[in-house]
Amino acid sequence: MEMNVLNRIPCLLCLLLLALILSCDRQSSSPSKPTSSGPSSPSLSKTDPFPDRAKEWGIHHQQASGRKERTAIFESLGSGVAVFDANGDGLLDLFFNNAATVEKSGDALKFLPGPGCRFYLQKKKGQFVDHTQEAGLSLDHWGTGVAVGDIDNDGDADLFVGAFGKNHIFTNQGNGTFKNHTDASGLKGEKLTSSAVFFDYDLDGDLDLYVANYLKFDLNSPPNNGKPCLQNGIPISCSPTLFDPEDDRLYRNDGKGTFEDVTSQAKLTGTVGGYGLGVVAGDLDRDGHPDLYVANDTTSNFLWKNLGDGTFEDIALFSGTALSESAQGQSGMGVDLGDLDGDGYLDIHVTNYAEESNAYYKSLGDGTFVDRSHLSGIASDSFPYLGWGSRIIDFNHDGYLDMAVANGHVHPRAEELGNGSDFAQPTQIYWGSTGGKMKLWKTEKDWALTVPRNHRALASGDLDRDGDLDIILTHLDSPPVILVNQAAEGDWIGFKLQGKKSNREGIGARITLKAGDRVWVKEVTRGGSYLSSNEATSHFGLGKNKTVLEVTIEWPSGIKTRLTTLPANKVYLVEEIKGSAKAKELFGG
Amino acid sequence: MIFRKFCFIFFLAFASENLAQEGPEIFQQIELMLSAGRYREVQDFANQKISQLGAKAGNEELILAWKRVAARAYQREGHLEKALQIWQELAGTPNRITHLRDGLKLIQTQLEMWDLEGAKQWLKALPKPLPQEFKDAQQELSALALLLSGEQGKARLLLNQSSEKSFTGWHNLGRLEFERGDNAKALVALKKAAKIDPDDYYNRLYLAWSHLRLNDLPQATEAFTSLAQSAPTAEVFELLGRLKLREGKFAEARQWSLNALTLDADLAEAQFVLATALKRLGKTNEAQQAFKKFKANHQKQQAGLKEAYRLNQIHQQDPSDPEKALVLGKHHLSDGDVASAERLSWRVLRKHPNHGQARLTLARAYRKVRRFSAAAIQYQIILKTKQGAIYSTARKELQELIQAHAKKRSR
């Protein structure tokens, strides 16, 4: 053989991998922008099935996330959005966290004021008014994630506002105005927080708080002696690997909205890696105790199994949810849970970096999972894109859960990095079908979904109260996007829970629903996705079922509530009552 | 891979054409000697011929032919600097190319020495339009230069225009598409390459792997099973294990991963497949042990990557500093990224040919990928030019190499 060339064969692979992993840590993808038609794509092919109504509805503030060149890693994170009814008028309002700007001061970095957070009150359907100041939510900080939960069980939704710096807690006064509860809340430390989630880990009837933190970034001493890292000679933000990870925190609620840091007591420490970006809570092994799943950037993800005694154990590796199928740690960004294959157990969807497939971990019901990323059909179509926010929702009401993914690269000069990838990327919807099969929706060029943007957070809620779930997206620089769902064609049903012994919003309750010959299972949550908080109402697409035969709600307290024969296409309010109960119609029909 | 088809076809024609005057037996003999690894004998023979012919007028063409033979022998032995010197003498300069074929061979050698700037300069200087017979070679070399520079987008465009006969072009395109995750396109390109050379191991491997990624399990099974029979490597066994996991055949997955680990006990991916298979077989304790083993290996890999990134940034901020390049190169070598170690050593040696540590790193890199003669050359250069500790180290390692080689032969 000429020149020992076989020895060189791995060199190309090594080089490509090297280019991908090391010198080009944040290497752009080379997206072929794959498209495929969905199995149940709505017939509205001519008109945009998810038009952007943000501007028309009065949502137009500027979002900020640092300098255009984004050579500090936190400038690529973006900020989140919360979807909740702040004043109890039945309409959903929106809180947008917002980052700021930054400037170089010698080798150090200094924050400059940004445009500030925004709170929009929905006065009437499709009419949002900037109510930030009146609500007491003016915050001009480097905002990141946001979480919503009724922390004092007084019947209204309170806010956790994450930051690179001091995190805040605002308690709702019941009328859509808020009191800054931060100093009395017990929250400590000024870290680089990403996402957070409220859940009742100790089942004592109040909501506790898990805060995912990203990494230790010292503004006075940025990495690489204050210089940007380089890829092919192009300045880029340095990879997380140049930083130490920042530990996440668990705060226990004393029932009155005051929190105690119980991270060490809960044994949520001692793991390697852990650049936390996305977090979701859910009872993944169905032992009655809510677990946590954390999507970590560049390292193994965490699956914190709740042992039921106030402590947790990371079982991600054994459970099959830590790594990719090829045993690689990926760059987890967003995460959501949903019973994608209809077997009654919650599966996990994680969005990852470009040139890493998004992950679909199918639950086997015993707390272990199998990687179905390839088998489900999401692997190839997600590979070229860098995914962030993600929601598992039945958008078209055909009875099968779909996936929405917000994409966007981290490097503004991605196009110059060698692969022909773009900084701005489209939002994707994967349509679900039998057995958890997913298929990317072939969207038209002029649809709002297709428009490439620097997406980050993705949240959901029925903003126009037409029974289907709309999508709210944040970006790095431009105003938010509200994609109003006009693609739903089937029947649906929704449940808003009101806990008594359990936490007020019934977070963590499991709803099992029977209609026709199908059974659906869902856990009540506001968390999931990336930096965001979603409407707490549990929403089910029913296909062609006009009536739900039976609903069982298993509350975190252990109480079971049973409902029978409910007409579809309505949202019902259900109270925590043992045995048979009647549901109150809220809207719809 | 990139070089192989190109070099083989190219040199075969080259040698026969120029040595015809010496008789076909000599050509055949030289080919046999080269195939047998008797590079030094060919070099000596060629050099002897060159001195003999040099005394007589009218032998210029024959002298050139024998110089080419010598260059080939040096190149195959791994004495790239010597080969490059001859190709440079034969090819001229980018401004005045005297022999186009030699120019292409020069570019190839430059690429093998990771001299991307030099190769690009020559590629740019090639006459336009290039005679048809050189077009494939030029395109393949251009694509390779782009690939090695990390310009995958441009390389892809070029590789898509590969001729129907270019195994290298289609194979490399397939590999590129595979890395980009476009498995359907990878499959198309690799299939085209397979039509040209159905036996190539890496082409078969990536073809099978593309089927696996596309979830085409029957095709993947067929391709991997056939590959495992003809090329039973750890990576093929590990991928078969992964395939069996997907199929839900956990006992088979366990067996394939064990087969892989027999060949390479540190193959983390195989440890992961084994642990997963054991878990799915209900062997919880064994699975936990296997995961523990995998985790330790995985964490070591992660730490290595982290350090490589840090050192790479230090190097990139000051790429002309040989010591920073070499620190990174040595790290890559210890981490198993031999190609990068090789690249960085050559980078230093281009400007500092007497840099002993760079030579030593290069020798060790070649040794790691079993390019023993190339490693020996580097050790020998150190022994000729250096003294002190590095001399002793090179001598010791060269002796080990020779002893290992001798043992292998005696077996």
Side-chain angles (χ1 to χ4, degrees), chain A residues 1-25 29-32 34 223-225 227 229-233 238-239 241-242 272-273 299-300 317-318 320 323 325-327 329 355 357 368 370 374-375 377 379-380 383-384 417-420, chain B residues 1-4 7-8 11 75-76 78 112 147-148 150-153 156 172 175-176 179-185 202 212-215 242 246 268-269 271-273 276 279 287-288 291 294-295 298-299 302 305-306 308-310 312-313 316-317 337-340 342-343 369-371 373-374:
Chain A
M1 188 179 55
E2 198 78 34
M3 293 198 320
N4 297 314
V5 285
L6 258 180
N7 293 334
R8 301 196 58 89
I9 293 167
C11 297
L12 173 62
L13 181 61
C14 293
L15 189 87
L16 291 171
L17 290 174
L18 178 80
L20 293 169
I21 298 163
L22 299 178
S23 62
C24 320
D25 172 74
S29 67
S30 46
S32 55
N224 214 27
N225 299 319
K227 291 176 198 159
C229 284
L230 294 171
Q231 180 182 322
N232 297 350
C238 295
S239 155
T241 58
L242 276 197
V272 176
T299 51
S300 307
L317 187 58
F318 187 80
L323 304 165
E325 188 190 42
S326 51
E355 293 170 3
S357 298
T368 66
V370 285
H374 285 275
L375 282 170
S380 290
F383 192 89
L417 293 176
N419 280 4
Chain B
M1 175 59 61
I2 301 271
F3 293 103
R4 183 173 50 172
C7 296
F8 182 70
F11 272 107
Q75 193 149 5
R76 289 185 65 165
E112 204 183 355
L147 278 173
L148 297 181
E151 296 177 76
Q152 284 96 332
R156 196 167 151 255
N172 288 337
R175 293 277 288 269
L176 201 52
E179 296 298 336
R180 294 172 70 246
D182 199 332
N183 304 305
K185 281 189 184 159
Y202 279 92
L212 179 62
R213 278 192 176 181
L214 283 164
N215 227 10
R242 220 187 283 183
R246 264 203 219 165
E269 290 86 347
Q271 289 170 340
F272 186 73
V273 172
T276 309
K279 179 181 78 176
Q288 271 165 344
F291 274 123
F294 162 76
K295 196 174 176 180
H298 182 70
Q299 283 176 355
Q302 292 290 311
L305 287 173
K306 196 171 173 163
Y309 186 89
R310 191 184 70 79
N312 186 36
Q313 286 307 319
Q316 288 216 22
Q317 302 292 346
D337 183 357
V338 183
S340 296
E342 204 184 302
R343 173 173 58 86
V369 290
R370 306 176 67 78
R371 294 182 66 181
S373 61

> Starting at CD of Gln313(B), measure out to CG of Leu230(A) and round the result to the nearest 0.5 Å.
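Here the interatomic distance stands at 6.0 Å.
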> Mind listing the closest non-hydrogen atom pair of Glu269(B) and Ala327(A) along with its distance?
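Minimum heavy-atom contact is CA-CB, 4.2 Å.
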> What residues, two or more places apart in sequence or in another chain, satisfy salt bridge (charged side-chain N to carboxylate O under 4.0 Å, His left out) together with Glu325(A)?
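Salt bridge (charged side-chain N to carboxylate O under 4.0 Å, His left out) check on Glu325(A) returns Arg246(B).
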> Are the side chains of Phe294(B) and Leu317(A) in touch, meaning some heavy atoms are under 4.5 Å apart?
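Sidechains of Leu317(A) and Phe294(B): in contact.
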> Does the His374(A) side chain pair with the main chain of Arg213(B), one donor and one acceptor, at a distance under 3.5 Å?
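Confirmed, His374(A) side chain pairs with Arg213(B) backbone.
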> What closest approach, in Å, do Lys279(B) and Phe318(A) show between heavy atoms, and which atom pair accounts for it?
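Reported closest heavy-atom pair: NZ-O, 2.6 Å.
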> Who are the side chain to side chain contact (heavy atoms under 4.5 Å, CB included) partners of Gln299(B), not counting sequence neighbours?
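Side chain to side chain contact (heavy atoms under 4.5 Å, CB included) list for Gln299(B), sorted by chain: Val272(A), Lys295(B).
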> Looking at Tyr309(B) and Ser239(A), would you say the former's side chain and the latter's main chain have a donor-acceptor pair under 3.5 Å?
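Flag set: sc Tyr309(B) to bb Ser239(A) pair under 3.5 Å.
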> Take Gln302(B) and Ser300(A), measure what side chain to side chain contact (heavy atoms under 4.5 Å, CB included) needs, and give me the verdict at the end.
CA-CA 10 Å; Gln302(B) 292 290 311; Ser300(A) 307; over 6 Å; no
> Ignoring hydrogens, what is the shortest heavy-atom contact between Asn232(A) and Gln316(B)? Give both atom names and the distance.
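Closest heavy-atom pair between Asn232(A) and Gln316(B): N-OE1, 4.3 Å.
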> How close do Cys229(A) and Gln317(B) get, counting heavy atoms only, and between which atoms?
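Between these two residues, the closest heavy atoms are CA-NE2, 4.3 Å.
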> Using heavy-atom distances under 4.5 Å, tell me whether Ser357(A) contacts chain B through its side chain, its backbone, both, or neither.
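Looking at Ser357(A), nothing touches chain B.
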